[in-house]
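Since the structure comes first, as structure tokens, the remarks are kept for the end.
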Amino acid sequence: MTIPVTVAWTPEGLVVLDQSLLPGEVRYLTLRTPAEVADAIRDLRVRGAPLIGIVAAMGVALAAREPGDDSAAAVRQWVDRAGRLLAATRPTAVNLRWAIDRMLAVTQRTMPDARRLSAALEAEAMAIHAEDRAMCDAIGEHGLPLVPDGAVVLTHCNAGSLATGGIGTALAPVYRAHQAGRRVHVIADETRPVLQGGRLTAWELTRAGIPCTLIADSMAASRLRRGDVTCVLVGADRIAANGDTANKIGTYPLALAAKAHNVPFYVAAPQSTFDLATPNGAAIPIEERHATEITMIGDRRIAPEGVAVWNPAFDVTPAALITGFITDRGLLTRP
Ligand code: MRU
């Protein structure tokens, strides 16, 4: 099974797979400063809640390499500035804030000099990456019983290896089932407007040799009505304390359609996506993105100049529509 490498920490800087070019081109970018990392996150060159947490942590660690005054106090200042810059890039994915807070906590420890502080920051970023990989594996294990031999799994957006430091969240049980020799077929929503399903999920599953059928988002309800879908598996950008879940725009109508057709609807996410400080979905900030994501396809304009556009990147699925959460600690179902 071939899993693409999404991120690597190197002496030259942070190397990331540029997801904005997929599936046409596989190109890696070297990011050398927190500002370059922030641009890459904002432009969706790296995306997916767990992955942007990892990359932001590494971006904060890069701040400790900035040239100039190298006292521990100066490093703390650069790290603080980098943390603020990176946290502002994408407001919905709580993994971003969670990872940055872990990095800032490192700067609160007593450190005799800048070199040791820098090494501690680097070690924390590596730990966040390694833990994410392990959490993906655990999600795969806990979700495996939901993907029996012959399963048809419908998914939205990309919550696979491209969105994490490991084998993904929603796609982790699919990968594990495939590894276990079970026949599994994925139906991937293309995911308008940025097409993470068509460009990314279809790409990584095809590379891994897992059968995948691509549909436009508007076809999901009709497919669910056909009765051959075993379950819907999606990822999450933030899960509020009451279980309301923010994920890529289009997840909510998918959950409504799954409910209408009695198809189980599961959200797969690591601990870093649960936000107990946010009481419910109404309190989750929803990122709105540029109008050109709707009015243009590539370089081609598909809507008239000047038309008003509403482009929320995420929606909130009420907890009542969610059958269960596949987490790294186990499967949680409603009491
Ligand atoms: O805008 P994106 O591509 O970052 O949105 C990604 C999603 O909505 C994913 O489903 C979510 O981050 C979970 S990824 C494991």
Side-chain angles (χ1 to χ4, degrees), residues 3-4 6-7 16-20 22 40-56 89-99 132-133 135-140 143 153-175 186 188-204 217 232-239 245-255 265-275 284-290 293-294 311-317 322 325-328:
I3 294 294
T6 48
V7 59
V16 295
L17 176 60
D18 184 347
Q19 300 192 23
S20 68
L22 290 172
I41 293 174
R42 223 179 277 112
D43 297 344
L44 306 183
R45 296 184 188 283
V46 281
R47 35 66 52 202
L51 184 63
I52 59 179
I54 296 163
V55 168
T89 52
R90 300 204 68 193
T92 305
V94 75
N95 311 60
L96 180 65
R97 187 69 255 178
W98 171 87
D132 185 68
R133 203 177 298 126
M135 288 194 285
C136 289
D137 287 343
I139 289 170
V153 173
L154 199 155
T155 192
H156 188 69
C157 192
N158 173 264
S161 61
L162 288 169
T164 66
I167 59 168
T169 57
L171 293 189
V174 169
Y175 281 123
V186 175
D189 276 357
E190 71 172 350
T191 317
R192 273 283 288 156
V194 184
L195 307 177
Q196 288 92 334
R199 293 188 306 106
L200 307 178
T201 299
W203 181 76
E204 69 166 85
D217 303 356
V232 177
L233 298 183
V234 296
D237 282 77
R238 189 185 299 227
I239 301 168
T245 296
N247 190 47
K248 179 55 54 192
I249 190 77
T251 304
Y252 172 43
L254 185 58
F265 182 96
Y266 290 98
V267 172
Q271 289 167 51
S272 51
T273 308
F274 286 81
D275 178 16
I284 299 177
I286 300 292
E287 174 185 0
E288 289 197 25
R289 294 188 59 86
H290 204 272
E293 287 184 354
I294 309 265
N311 184 18
F314 301 97
D315 58 23
V316 173
T317 299
I322 299 170
F325 295 91
I326 313 166
T327 80
D328 46 298

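Worth knowing before you read on, the calculation uses all heavy atoms, side chains too, and leaves out hydrogens, waters and symmetry mates. Order of listing sets the numbers, starting from 1, for every ligand and every atom in it.
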Heavy-atom check, side chain of Thr164 versus side chain of Leu51, under 4.5 Å: no

Interatomic distance, Ile284 atom CD1 to Arg238 atom CZ [nearest 0.5 angstrom]: 6.5 Å

Pair Asn158, Arg47: side-chain N/O donor-acceptor within cut-off below 3.5 Å: yes

Atom indices of ligand 1, in the order listed, that fall short of 4.0 Å to a heavy atom of Cys157: 5 (O), 6 (C), 7 (C), 8 (O)

Atom 5 (O) of ligand 1 [closest protein heavy-atom partner, distance rounded to 0.1 Å]: Lys248 CE, 3.3 Å

Atom indices of ligand 1, in the order listed, that fall short of 4.0 Å to a heavy atom of Ala159: 14 (S), 15 (C)

Enclosure of Tyr252 OH (heavy-atom neighbours >12, cutoff 6.0 Å): no

Ala49 N/O to ligand 1 N/O under 3.5 Å: yes

Residue-ligand contact Pro50/ligand 1, heavy atom below 4.0 Å: yes

Short side-chain to backbone donor-acceptor contact, His156 and Ile249, under 3.5 Å: yes

Short side-chain donor-acceptor distance under 3.5 Å, Thr191 and Asp189: no

Backbone or side-chain N or O of Thr169 under 3.5 Å from ligand 1 N or O: no

Backbone or side-chain N or O of Arg90 under 3.5 Å from ligand 1 N or O: yes

Proximity flag Ala236 to ligand 1, non-hydrogen atoms under 4.0 Å: yes

Closest protein heavy atom (residue, atom, distance) for atom 10 (O) of ligand 1: Asn247 OD1, 2.6 Å

Which of the ligand 1 atoms, numbered from 1, are nearer than 4.0 Å to a heavy atom of Phe314: 1 (O), 5 (O), 8 (O)

Distance filter under 4.0 Å to Gln196 heavy atoms, resulting ligand 1 atoms: 1 (O), 2 (P), 3 (O)

Atom indices of ligand 1, in the order listed, that fall short of 4.0 Å to a heavy atom of Ala163: 14 (S), 15 (C)

Which of the ligand 1 atoms, numbered from 1, are nearer than 4.0 Å to a heavy atom of Gly48: 4 (O), 12 (O)

Donor-acceptor pair, side chain of Asn247 and main chain of Thr317, under 3.5 angstrom: no

Heavy-atom side-chain proximity of Val16 to Arg45 below 4.5 angstrom: no

Atom 7 (C) of ligand 1: nearest protein contact (heavy atom, Å): Asp237 OD1, 3.3 Å

Short side-chain to backbone donor-acceptor contact, Arg199 and Gln19, under 3.5 Å: yes

